[in-house]
Amino acid sequence: MTEAAMPDAPPRRAGKREWIGLAVLALPTLLISMDVTVLYLAVPELSEDLAPSSSQLLWVLDVYGFLVAGFLIAMGTLGDRIGRRKLLLAGAAAFGVASLLAAWSSSAEMLILTRALLGIAGATLMPSTLALIRNMFHEPSQRTAAIAVWMSSFTIGMTIGPLVGGAVLEAFWWGAVFLLAVPPMVLLLAVGPVLLPEYRDPNPGKVDFASVGLSVAAMISLVYGVKELAKDGFAAVPLLALVVGVALGVWFIRRQGVLAHPLLDLRLFASRAFSASLITLTLTLFAMSGLFFFLSQYMQLVLGLSPFQAGLWTLPQAGGMVIAAGLTTALVKSVRPAYVMGGGLVVAAIGFSMFTGLDGSGDLTLLVVSSVVFAVGVTPISIMGVDMIVGSAPPERAGAASALSETNQEFAAAIGVAVLGSVGTGVYRSVLSDTMPAGVPAGAAEAARDTLGGALEVAGTLPDATGAGLVDAARLAFVDGLHVNAVASAGFVLVAAVLAFVLLRDVKPSDGQAAGGDTVAKETSAGGPTGGPAADHSGSGAATA
């Protein structure tokens with residue numbers, strides 16, 4: 001009898017092989033998170049070499065994120081069907097090749113195309129790594145620790161991206177930032193077949209290609225519409241993209257409800273642990289992304305730090321998250337997830353509130369301390385939320401659940417920047433309109449009200465006294481917008497804390513995390529609609545269907 005058929009049997013504990021395999025899985029996670037940040041540093045040299053138009057440059061920067069978000073659900077489900085290790089290795093090979101092509105792109109069009117290929121390949125990596133963790137670590141406390149390592153690698157990648165990218169650009173040409181991904185992908189291809197287990201749904205059913213097309217088109221339309229509205233305000237094209245995205249999304253969901261083998265199993269949402277974790281993660285990421293949009297500009301445009309210096313000052317924040325990850329894995333063994341997650345979110349709200357003390361002067365210490373406090377607070381929900389999402393899903397649906405978690409994070413981040421970014425920008429424009437120094441020409445004033453970067457650029461063209469006055473007024477107006485964002489973010493995080501306390505109060509420590517999705521998992525293991533025996537969990541994966 002398989003492990004899945006004996007729900008009362010203790011889960012098998014992972015050994016040395018699984019933990020070494022986890023280190024291998026952390027590599028693509030770290031690289032993908034680095035890829036989000038390093039390209040921005042290369043923009044000046046890239047622009048000089050390839051001479052892209054403004055529209056082409058935006059596509060170079062954005063097409064990767066659009067396609068990652070668009071293909072996550074499709075790729076997660078594909079991994080469930082063909083094998084997660086197989087998809088991971090195929091994605092790693094494609095990511096490595098696309099990175100080489102991007103590094104030696106000879107035109108803006110070629111770079112856009114290779115970035116698009118990187119996005120599709122990247123969409124195979126994240127859900128595959130997370131789903132494999134679900135299959136490698138069955139014991140709940142071990143799985144929480146493994147996801148803590150996985151999440152820490154993502155955090156570290158985001159943090160060191162500007163530092164490593166800056167160092168690479170000091171010595172090499174702009175294309176070298178893409179080559180950073182190649183050695184880890186080669187290593188993954190070399191050791192992955194030996195260290196990582198294979199797993200796939202033994203009874204996947206037919207692929208519904210209409211659902212694949214709908215999911216991709218819906219997500220790309222939604223993310224494109226949200227990001228464009230965040231950058232340029234209300235316009236016909238992004239609004240139309242949002243409407244189309246919502247319509248396609250509704251069509252996709254309705255279609256899943258009537259298919260015998262859906263691309264996305266809607267029964268996953270019947271698990272309170274799954275749904276509650278998804279909701280609280282969404283609110284938290286929404287709040288974080290909206291505030292980060294302002295904090296990154298604050299460090300560089302208000303405090304005058306270079307990207308490299310700003311990256312250095314985020315190291316304490318990353319260190320706080322790594323330490324909090326270790327504490328989280330210890331606490332969940334004896335404390336209910338609701339209290340760990342909810343308590344952490346209360347701490348995060350305090351950290352967000354501390355940002356209201358920033359005043360645009362020498363307050364770097366307060367900025368760093370506030371960042372560490374909120375980072376420590378959001379770590380439990382970042383780890384346990386993902387853990388409960390993938391743990392609530394039956395093994396054969398782990399890829400789809402992982403993809404849904406990743407898609408949710410991409411979309412929540414985009415919405416956060418769009419909504420909270422627009423609110424903060426609205427405050428900035430309103431305050432600057434009231435405090436605009438005398439003597440600033442109408443055209444220059446309009447450009448200054450658009451963005452803080454525009455205000456600083458315009459100030460350099462004005463007489464010294466007028467320019468200095470505009471700089472001071474714009475920076476103070478920006479700080480006011482940041483304060484509003486900080487208060488709003490703290491409010492959303494507190495709402496997430498209440499939801500965690502209320503919706504997850506019945507989930508028990510340790511084993512309770514695995515039981516969070518018992519409605520779905522037990523139905524499956526008993527041969528329910530998604531039925532069939534579990535595939536082999538051995539390292540070789542030779543017994544998969």
Side-chain angles (χ1 to χ4, degrees), residues 14-36 38 64 68 71 75-76 78-104 114-115 117-137 142-143 145-147 149-154 156-157 160-161 164-165 167-168 172 175-200 398-399 402-403 406 535-544:
K16 182 186 296 184
R17 182 175 185 166
E18 284 80 9
W19 289 106
I20 296 174
L22 175 64
V24 174
L25 290 177
L27 285 175
T29 305
L30 186 145
L31 263 296
I32 290 173
S33 60
M34 282 181 58
D35 196 70
V36 173
V38 295
Y64 174 83
V68 166
F71 278 88
M75 292 300 182
L78 179 63
D80 289 340
R81 294 173 181 275
I82 70 170
R84 286 138 197 185
R85 184 179 66 186
K86 182 183 294 183
L87 181 65
L88 176 66
L89 297 179
F95 201 92
V97 171
S99 296
L100 290 171
L101 293 174
W104 278 285
T114 54
R115 286 280 289 169
L117 294 175
L118 280 170
I120 297 173
T124 70
L125 299 178
M126 294 299 281
S128 296
T129 56
L130 192 51
L132 281 169
I133 288 173
R134 168 70 171 87
N135 300 135
M136 293 162 63
F137 297 90
Q142 285 192 322
R143 189 179 65 239
I147 289 179
V149 172
W150 179 82
M151 188 63 69
S152 296
S153 67
F154 188 88
I156 292 170
I160 68 173
V164 175
V168 168
F172 304 101
V177 299
F178 293 106
L179 299 182
L180 293 172
V182 176
M185 294 302 165
V186 172
L187 179 62
L188 177 59
L189 289 169
V191 302
V194 178
L195 293 174
L196 301 177
E198 182 58 288
Y199 190 101
R200 66 184 182 190
S402 302
E406 294 298 322
D536 177 53
H537 295 292
S538 66
S540 66
T544 51

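Bear in mind the structure is a predicted one, so any value in this text is a computation, not a measurement.
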Q: Grab the two heavy atoms, one from A92 and one from L188, that are nearest each other, plus how far apart they are.
A: CB-CD2, 3.6 Å
Q: If you look at every heavy atom in V194 and R17, which pair is closest and at what distance?
A: O-NH2, 2.5 Å
Q: As an exercise, state the distance from CG of L118 to OH of Y64, rounded to the nearest 0.5 Å.
A: 7.0 Å
Q: Could you measure the distance from the OG1 atom of T124 to the CG atom of L87? Nearest 0.5 Å is fine.
A: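 Here the interatomic distance stands at 5.0 Å.
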Q: Taking the six-membered ring for Trp, are W19 and F137 ring centroids under 6.0 Å apart?
A: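 Yes, close enough.
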Q: Testing the basics here: between A121 and G91, what is the closest heavy-atom pair and its distance to 0.1 Å?
A: CB-O, 3.8 Å
Q: Taking M185 as the fixed residue, which of V97, L89, L125 is the one that meets the side chain to side chain contact (heavy atoms under 4.5 Å, CB included) rule?
A: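 By the side chain to side chain contact (heavy atoms under 4.5 Å, CB included) criterion, M185 pairs with just one of V97, L89, L125: L125.
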Q: Which heavy-atom pair separates I133 from A146 by the least distance, and what is that distance?
A: CG2-CB, 3.9 Å
Q: Can you tell me how far CD of E18 sits from CG of L25, rounded to the nearest 0.5 angstrom?
A: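 That separation rounds to 11.0 Å.
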Q: Any side-chain to backbone donor/acceptor pair from R143 onto M136? Under 3.5 Å, distance only.
A: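 Here the side-chain-to-backbone pair does not exist.
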Q: To the nearest 0.5 Å, what is the distance between CZ (F95) and CG (L189)?
A: 12.5 Å
Q: Looking at OG of S153 and CG of L22, how far apart are the two atoms once the value is rounded to the nearest 0.5 Å?
A: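 Separation between the atoms: 8.0 Å.
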Q: If you take all heavy atoms of L117 and A98, which pair is closest and at what distance?
A: CB-CB, 4.0 Å
Q: At their closest point, which heavy atom of G96 faces which heavy atom of V182, and how far apart are they?
A: O-CG2, 4.0 Å
Q: Can you tell me if R85 uses its side chain to pair, donor with acceptor, with the backbone of P193 under 3.5 Å?
A: yes
